[in-house]
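Single-structure report; data block below.
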Amino acid sequence: MPKDAPPNGGATLNVPQGPGLRVSGMQTKLHRWAAADPGRRFDDLFNLVHDPATLIMAFERVAGNTGSRTPGVDGLTAVQVEREIGTRRFLDDPRRALKTGEVRQRMIPKPGGSGKVRKLGIPTLADRVVQAALKLVLEPIFEADFES
């Protein structure tokens, strides 16, 4: 993703520092590699997703949007996490779950009394953070395809 590209979703444009600088550098490299070689395989993206800097930036994006005030099935909001748990401590659980491949799902009965069940998908704050982390890693790669 070019350095002068505007941020998505009405986000403010800040000069990156700390985790922001690390993630911005990672995104720049991914974009450069994807643009230089459209057929390139990116084999080790998973490590970038559960990198602490990526998760911190993802949490900041989730906490900065209007949906952050809505709790998921876990009952947590971004403000509660920041006040009661602490961002870094909160991110330890999703990071561990990503690294170990733990998957949480809730099965609920399908309507009509058929006895079949389906997955319930109400994302928790941690789910939204992981989704944002995936976006941070994948977006610069796919953006290179759209620029061509």
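Values below: every heavy atom of this structure, side chains too, minus hydrogens, waters and symmetry copies.
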For the student: nearest non-hydrogen atoms of [X] and [Y], plus distance:
X      : Y      : value
Ala144 : Ala35  : CB-N, 3.6 Å
Val130 : Pro94  : CG2-CB, 4.1 Å
Ala133 : Val49  : CB-O, 3.9 Å
Ile56  : Arg88  : CD1-NH1, 3.3 Å
Ala58  : Leu136 : N-CD1, 3.7 Å

How far does [atom1] of [X] sit from [atom2] of [Y], to the nearest 0.5 angstrom?
X      : Y      : atom1 : atom2 : result
Ile85  : Asp92  : CD1   : CG    : 11.0 Å
Ile141 : Leu45  : CD1   : CG    : 4.5 Å
His50  : Leu91  : NE2   : CG    : 13.5 Å
Gln27  : Met57  : CD    : CE    : 8.5 Å
Leu30  : Leu48  : CG    : CG    : 6.0 Å
Lys110 : Lys116 : NZ    : NZ    : 6.0 Å

*Does any donor atom in the side chain of Asn65 or Ser68 lie under 3.5 Å from an acceptor atom in the other side chain?*
no

*After noting the C-alpha distance and the side-chain angles of Glu143 and His31, does the key distance pass the side-chain contact (heavy atoms from CB on, under 4.5 Å) rule?*
CA-CA 7 Å; Glu143 179 124 346; His31 183 272; 4.3 Å; yes

*asked:* Within the supplied structure, the quantity of interest is the number of heavy atoms (other residues, nucleotides, ligands) at a distance under 6.0 Å from Arg40 CZ; does it exceed 12?
replied: yes

*Applying the 4.5 Å side-chain criterion to the ILVMFWY set and letting contacts propagate, would Val79 and Leu125 be lumped into a single cluster?*
no

Pairwise side-chain contact, [X] with [Y], heavy-atom cut-off 4.5 Å (strictly under):
X      : Y      : answer
Leu76  : Thr124 : no
Phe59  : Val81  : yes
Thr87  : Glu82  : yes
Val117 : Ile108 : no

*Could you walk me through whether Leu138 and Phe42 pass side-chain contact (heavy atoms from CB on, under 4.5 Å), step by step?*
CA-CA 10 Å; Leu138 296 175; Phe42 292 88; over 6 Å; no

*Taking only Lys NZ, Arg NE, NH1 and NH2, and the carboxylate oxygens of Asp or Glu, determine whether Asp51 and Arg22 approach each other closer than 4.0 Å.*
yes

*In sequence, state the C-alpha distance, the side-chain angles, and the governing distance for Thr77 and Arg69, and then conclude on side-chain contact (heavy atoms from CB on, under 4.5 Å).*
CA-CA 6 Å; Thr77 65; Arg69 295 183 296 245; 5.7 Å; no

*Residues in side chain to side chain donor-acceptor pair (under 3.5 Å) with Gln131, at least two apart?*
none

_Does Val129 form a side-chain contact (heavy atoms from CB on, under 4.5 Å) with Leu55? I'd like the steps, not just the answer._
CA-CA 7 Å; Val129 169; Leu55 291 172; 4.3 Å; yes

